[in-house]
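Read through the structure below, which is laid out as structure tokens, and then see the notes.
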Amino acid sequence: MRRPAWRLVLLCLVCGFCSLLYALTQRGGGSTEAQQPGAAAAVWRGALDGWQRYHRSEQHELDPDPMHLAVVACGERLEETITMLKSALLFSIKPLKFHIFAEDQLHIDFSTILNSWGYSEKFKYTIYPISFPSENAADWRKLFKPCASQRLFLPLILKDVDSLLYVDTDILFLRPVDDIWSFLKEFNSTQIAAMASEHEEPRIGWYNRFARHPYYGKTGVNSGVMLMNMTRIRRKHFKNDMTTVRLHWGEMLMPLLKKYKLNITWGDQDLLNIVFSHNPESLYVFPCQWNYRPDHCIYGSNCEGADDGIFILHGNRGVYHDNKQPAFRAVYEALHNVRLNNSGFYII
């Protein structure tokens with residue numbers, strides 16, 4: 001990627017940040033808004049650090065082994081997913097392989113947009129249909145949100161992929177994917193996956209106050225950003241509360257759903273919490289700035305590590321598309337307005 005293009009990306013983020021600060025000074029007032037300048041500054045620190053990280057690496061030879069990034073897109077999630085993929089491509093150093101699971105009607109749109117980007121040396125992609133085990137497909141499709149539980153079957157579908165980063169469609173990368181990918185090297189011999197805690201502050205935690213099922217640790221984990229060593233997942237025999245026999249991943253999923261389907265609220269995320277509550281030694285927990293959500297700033301600052309910058313932004317609850325969290329929306333719009341083609345980048 002050319003440096004002039006990166007200057008445009010940086011300019012885009014600067015303009016978005018300045019617009020955000022202006023809007024906040026005009027609004028003033030309530031407690032949520034009072035937290036926004038701090039959140040905005042943390043977002044900016046993360047983005048600037050990510051840009052500098054890429055800039056310093058421009059002279060380095062690219063690693064030929066791609067990082068694998070998966071996403072599941074259904075309904076009206078095309079634009080959000082494209083913006084997420086764009087943020088991953090903009091900041092990353094090593095090549096990327098996108099694994100896009102989408103409803104059939106979205107396949108042509110995804111292909112048309114991604115093919116227009118060029119930069120074939122930086123990324124490849126494969127688009128897959130949404131698929132569940134035929135015997136219980138209806139149960140999985142209606143779990144929480146349409147298609148959401150597809151992520152549970154990625155180790156079984158992508159059999160030739162050793163490691164994978166799964167993200168929700170409402171994720172934005174503000175640092176190279178390479179940085180979160182490097183956590184794989186920090187796994188000990190028992191760890192198979194990595195996620196961030198659902199909450200840092202137990203007093204406002206959801207799982208410890210409302211869950212009717214087992215969950216990981218003190219406040220549960222959020223599965224919107226999930227790093228997986230899928231080879232280890234496929235090999236592992238999991239402890240569970242359904243039988244004294246340890247089960248493989250594929251053997252465990254349906255019995256788990258049958259046991260807890262009336263007690264879970266957040267679908268596949270709840271099932272993952274149950275799995276790792278019985279296998280806590282298998283989970284690596286990364287800091288909250290790698291999955292920074294509105295909950296981390298809506299009731300005060302609840303992510304201590306964010307003082308050093310936010311590295312992955314998770315705009316759940318639709319905050320990219322309303323005015324409840326201006327910092328989140330400003331960053332989303334800045335990245336959304338970057339356009340890619342064979343000649344480089346430009347901003348609309």
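Quick note: residue numbers are just sequence positions, from 1. Only this structure's heavy atoms are used, side chains among them; waters, hydrogens and symmetry mates stay out.
- Within 6.0 Å of atom CZ in Arg209, more than 12 heavy atoms from other residues, nucleotides or ligands are found, so the atom counts as buried in its surroundings.
- Electrostatic pairing of Glu281 and Lys239 counts as a salt bridge here, judged by a charged N lying under 4.0 Å from a carboxylate O.
- Put simply, the side chain of Thr169 never gets that close to the backbone of Ala73: no donor and acceptor are under 3.5 Å apart.
- Here the side chains of Leu69 and Leu85 are in contact, with some heavy-atom distance below 4.5 Å.
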Margin query: Walk me through whether Trp181 and Ile93 qualify under side-chain contact (heavy atoms from CB on, under 4.5 Å).
Written below: CA-CA 11 Å; Trp181 192 258; Ile93 300 167; over 6 Å; no

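- At least one donor-acceptor pair under 3.5 Å links the side chain of Lys259 to the backbone N or O of Asp241.
- Between Phe286 and Phe183, the ring planes lie parallel to each other; the angle is under 30°, not in the 30° to 60° tilted range.
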Verdict with supporting geometry, Tyr207 and His213, ring pair (Phe, Tyr, Trp, His ring centres under 6.0 Å) = CA-CA 9 Å; Tyr207 282 107; His213 57 79; 5.8 Å; yes

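- Judged by distance alone, with hydrogens and angles left aside, the side-chain atoms of Asp178 form a donor-acceptor pair with the main-chain N or O of Lys94 at under 3.5 Å.
- With salt bridges taken as basic N to acidic carboxylate O contacts below 4.0 Å, none links Arg317 and Asp322.
- With hydrogens and angles ignored, the 3.5 Å screen pairs a side-chain donor or acceptor of Gln150 with a backbone N or O of Ser131.
- Across every non-hydrogen atom of Ala88 and Phe98, the tightest pair is CB-CE2, 4.5 Å.
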Would you sort out whether Ile82 and Leu114 count as a side-chain contact (heavy atoms from CB on, under 4.5 Å), showing the intermediate values?
CA-CA 8 Å; Ile82 288 294; Leu114 294 175; 4.3 Å; yes

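- One N or O on the side chain of Arg339 and one on the backbone of His336 form a donor-acceptor pair closer than 3.5 Å.
- Here the straight-line distance linking atom CG of Asp270 with atom OG of Ser277 works out to 11.0 Å at 0.5 Å rounding.
- The side-chain hydrogen bond (donor to acceptor under 3.5 Å, both in side chains) search around Arg232 returns none, not counting sequence neighbours.
- Counting only heavy atoms from C-beta outward, the side chains of Asn279 and Thr190 never approach each other to under 4.5 Å.
- Using a 4.5 Å heavy-atom cutoff, the side chains of Tyr332 and Leu172 are in contact.
- By the neighbour-count criterion of 12 heavy atoms within 6.0 Å, atom CD of Gln105 is densely surrounded, having more than that number from other residues, nucleotides or ligands.
- Lys86 places none of its side-chain heavy atoms less than 4.5 Å from the side chain of Leu335.
- Heavy atoms only, all atoms of each residue included: Pro214 and Ile274 are closest at O-CG1, 3.4 Å.
- Taken as a pair, Cys303 and Cys288 meet the criterion of an SG-SG distance shorter than 2.5 angstrom.
- Residues Leu256 and Met242 come closest through the heavy atom pair N-SD, 3.3 Å.
- Considering only heavy atoms from C-beta on, Leu154 comes within 4.5 Å of Phe101 through its side chain.
- Taken together through direct or relayed side-chain contacts under 4.5 Å among Ile, Leu, Val, Met, Phe, Trp and Tyr, Leu78 and Ile108 form parts of separate hydrophobic clusters.
- Among residues two or more places apart in sequence or in another chain, the ring pair (Phe, Tyr, Trp, His ring centres under 6.0 Å) test is passed with Phe238 by Trp249.
- Nearest approach of Tyr320 to Ile171, heavy atoms of both residues: OH-C, 4.1 Å.
- Side chain of Lys324 to main chain of Gly318: no donor-acceptor pair is present (N/O by atom type, distance under 3.5 Å, no hydrogens or angles).
- Among residues at least two apart or in separate chains, salt bridge (Lys or Arg N to Asp or Glu O under 4.0 Å) pairs with a member in residues 160-174 are Arg151-Asp168.
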Exercise for review: Could you walk me through whether Phe153 and Trp140 pass the side-chain contact (heavy atoms from CB on, under 4.5 Å) test, one step at a time?
Suggested key: CA-CA 10 Å; Phe153 299 93; Trp140 291 113; 3.4 Å; yes

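- Closest non-hydrogen pair, Ala306 versus Tyr292, comes out as CB-CE1, 3.8 Å.
- At a threshold of 4.5 Å between non-hydrogen side-chain atoms, the residues Met254 and Pro133 do not count as touching.
- Between Phe210 and Thr265, every side-chain heavy-atom pair lies at or beyond the 4.5 Å cut-off.
- For the pair Arg77 (side chain) and Val72 (backbone), a donor-acceptor distance under 3.5 Å is absent.
- Counting only heavy atoms from C-beta outward, the side chains of Val167 and Ile312 never approach each other to under 4.5 Å.
- Formation of a donor-acceptor pair under 3.5 Å by the Asn273 side chain with backbone atoms of Val221 is found in this model.
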Could you give me the CA-CA distance, side-chain angles and deciding distance for Leu143 and Ile264, then say whether side-chain contact (heavy atoms from CB on, under 4.5 Å) is met? CA-CA 9 Å; Leu143 183 64; Ile264 58 177; 3.7 Å; yes

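- The shortest non-hydrogen separation linking Thr219 to Pro202 is CG2-CA, 3.9 Å.
- Of the candidates Asn291, Asn208, Asn222, Asn222 is the only one forming a side-chain hydrogen bond (donor to acceptor under 3.5 Å, both in side chains) with Glu198.
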